Q: 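Take a look at this one; I'll ask things after.
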Amino acid sequence: MVSYEPADHGIGRSRGGLTTKAHLATDGNGRGLAVLITAGQAGDCPVMPAVLDAIAVPRLAGGPPRRNPDRVLADKAYSSAANRKLLRSKRIVAVIPQRSDQRANRKRRGRVGGRPPGFDPDAYKGRNVVERAFNKAKHWRGVATRYDKLACTYRAGIVMALTVEWLKLLGDMT
């Protein structure tokens, strides 16, 4: 397996100082499927295709792994026309609220602006499982504090914390 280490080691300067962002895809129960690390000042929108490509759920009956979820619940940071187009092309339902500036630009353009993207507020209530998965991972001190120099080492810590949650499901740990 080839490990990818970004040139900036996933550390970037933002308002809060030196920070790192972890982009996480989970199943409906908050168990991790894919995690990517970027610098703190990096935008969220450009990372969504890479996170979706990192998902690979093995099938119990054999065959190729499942790569496309039924739907994606994401916050406003992932709202863009490109991401919505990507999800449509993969036949994935997007449950992403529209940012206020996107809404204002669409209304400003009038009829040319088109209609608003579909949004299911009841389905969006389930997005908190990702936040809960982050909270469980941050119970590990190394994940909460990021003392690791390398992004691949920090990501490995997050993957280990998420693996423990999968093992709890299987009954291997209490």
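Owing to the predicted nature of the structure, the values given are computational and were not obtained by experimental measurement. Numbers here simply count residues along the sequence, with the first being 1.
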Q: Considering non-hydrogen atoms only, spot the tightest contact between Ala161 and Ala137 and give its length.
A: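 The answer is CB-CA, 3.8 Å.
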Q: Using a 3.5 Å distance criterion without hydrogens, assess whether the side chain of Arg59 forms a donor-acceptor pair with backbone atoms of Pro64.
A: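 Confirmed, Arg59 side chain pairs with Pro64 backbone.
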Q: Would you check if the side chain of Arg67 reaches a backbone N or O of Ile55 as a donor-acceptor pair within less than 3.5 Å?
A: yes
Q: Are Val143 and Leu150 connected in a single hydrophobic cluster, I mean Ile/Leu/Val/Met/Phe/Trp/Tyr linked by side-chain heavy atoms less than 4.5 Å apart?
A: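 Each belongs to a different hydrophobic cluster.
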Q: Please report the C-alpha distance between Val47 and Lys21 in whole Å, then the side-chain angles of each, then the deciding distance to 0.1 Å, and finally whether the side-chain contact (heavy atoms from CB on, under 4.5 Å) criterion is met.
A: CA-CA 11 Å; Val47 181; Lys21 279 187 189 174; over 6 Å; no
Q: His23 and side-chain contact (heavy atoms from CB on, under 4.5 Å): which single residue from Ile37, Val35, Val51 fits?
A: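 Checked Ile37, Val35, Val51 against His23; only one passes side-chain contact (heavy atoms from CB on, under 4.5 Å): Val51.
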Q: Roughly how far apart are Ile11 CD1 and Thr19 OG1, rounded to 0.5 Å?
A: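 The OG1 atom of Thr19 is 9.5 Å from CD1 of Ile11, to the nearest 0.5 Å.
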Q: Any non-hydrogen side-chain atom of Ser80 less than 4.5 Å from a side-chain atom of Lys85?
A: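 The answer is no; the side chains never approach within 4.5 Å.
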Q: Quick check for you: to the nearest 0.5 Å, what is the distance between Lys149 atom NZ and Glu5 atom CD?
A: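 Lys149 atom NZ to Glu5 atom CD measures 8.0 Å (nearest 0.5 Å).
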Q: With sequence neighbours excluded, give me every ring pair (Phe, Tyr, Trp, His ring centres under 6.0 Å) pair touching residues 116-141.
A: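 Residue pairs passing ring pair (Phe, Tyr, Trp, His ring centres under 6.0 Å), neighbours aside: Phe119-Tyr124.
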Q: Using the side-chain contact (heavy atoms from CB on, under 4.5 Å) rule, take Leu24 and Leu162 through it: C-alpha gap first, then chi angles, then the decisive distance, then the call.
A: CA-CA 10 Å; Leu24 177 65; Leu162 296 172; 3.5 Å; yes
Q: Distance from Arg103 atom CZ to Asp101 atom CG, nearest 0.5 Å?
A: 9.5 Å
Q: In the single-linkage hydrophobic clustering (I, L, V, M, F, W, Y; side-chain heavy atoms under 4.5 Å), do Ile158 and Leu18 co-cluster?
A: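 Not linked; separate clusters.
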Q: Are Asp44 and Met48 packed together at the side-chain level, in the sense that at least one heavy-atom pair is separated by less than 4.5 angstrom?
A: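 No, too far: nothing below the 4.5 Å cut-off.
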Q: Who pairs with Asn105 by side-chain contact (heavy atoms from CB on, under 4.5 Å), at least two apart in sequence or on another chain?
A: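 If we apply the side-chain contact (heavy atoms from CB on, under 4.5 Å) test to Asn105, skipping adjacent residues, the hits are Arg108.
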Q: Is there a chain of hydrophobic side chains (I, L, V, M, F, W, Y, each step under 4.5 Å between heavy atoms) that links Leu52 to Leu36?
A: no
Q: Kindly say whether Arg31 contributes a backbone atom to a donor-acceptor pair with the side chain of Asn29 at under 3.5 angstrom?
A: no
Q: Ala56 and Pro58: which non-hydrogen atoms are nearest, and at how many Å?
A: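 The answer is O-CD, 3.5 Å.
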Q: For a quick test of your reading: what N or O donor-acceptor pairs under 3.5 Å do the side chains of residues 89-96 make, sequence neighbours left out?
A:
| unit_1 | atom_1 | unit_2 | atom_2 | d |
| --- | --- | --- | --- | --- |
| Ser89 | OG | Leu86 | O | 2.7 |
| Lys90 | NZ | Asp53 | OD1 | 3.4 |

Q: Mind checking the CZ-NE2 spacing from Arg146 to His9? Nearest 0.5 Å is all I need.
A: 9.0 Å
Q: Please find the pair of heavy atoms, one from Pro97 and one from Ala74, that lie closest to each other, and give the distance.
A: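 For Pro97 and Ala74, the tightest heavy-atom pair comes out as CD-O, 3.4 Å.
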Q: Compare every heavy atom of Gly28 with every heavy atom of Val129, then report the nearest pair and how far apart it is.
A: CG1-O, 3.6 Å
Q: Using modelled atom types and a 3.5 Å cut-off, is there a donor and acceptor pairing between side-chain atoms of Glu165 and backbone atoms of Lys136?
A: no
Q: Could you tell me which non-hydrogen atom of Lys76 sits nearest to which non-hydrogen atom of Gln98, and how far apart they are?
A: CE-O, 4.0 Å
Q: Of the non-hydrogen atoms in Leu73 and Gly126, which two are nearest, and what is the gap between them?
A: CD2-C, 3.8 Å
Q: From Arg115 CZ over to Arg106 CZ, what is the distance, rounded to the nearest 0.5 angstrom?
A: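 CZ of Arg106 is found 11.0 Å from CZ of Arg115.
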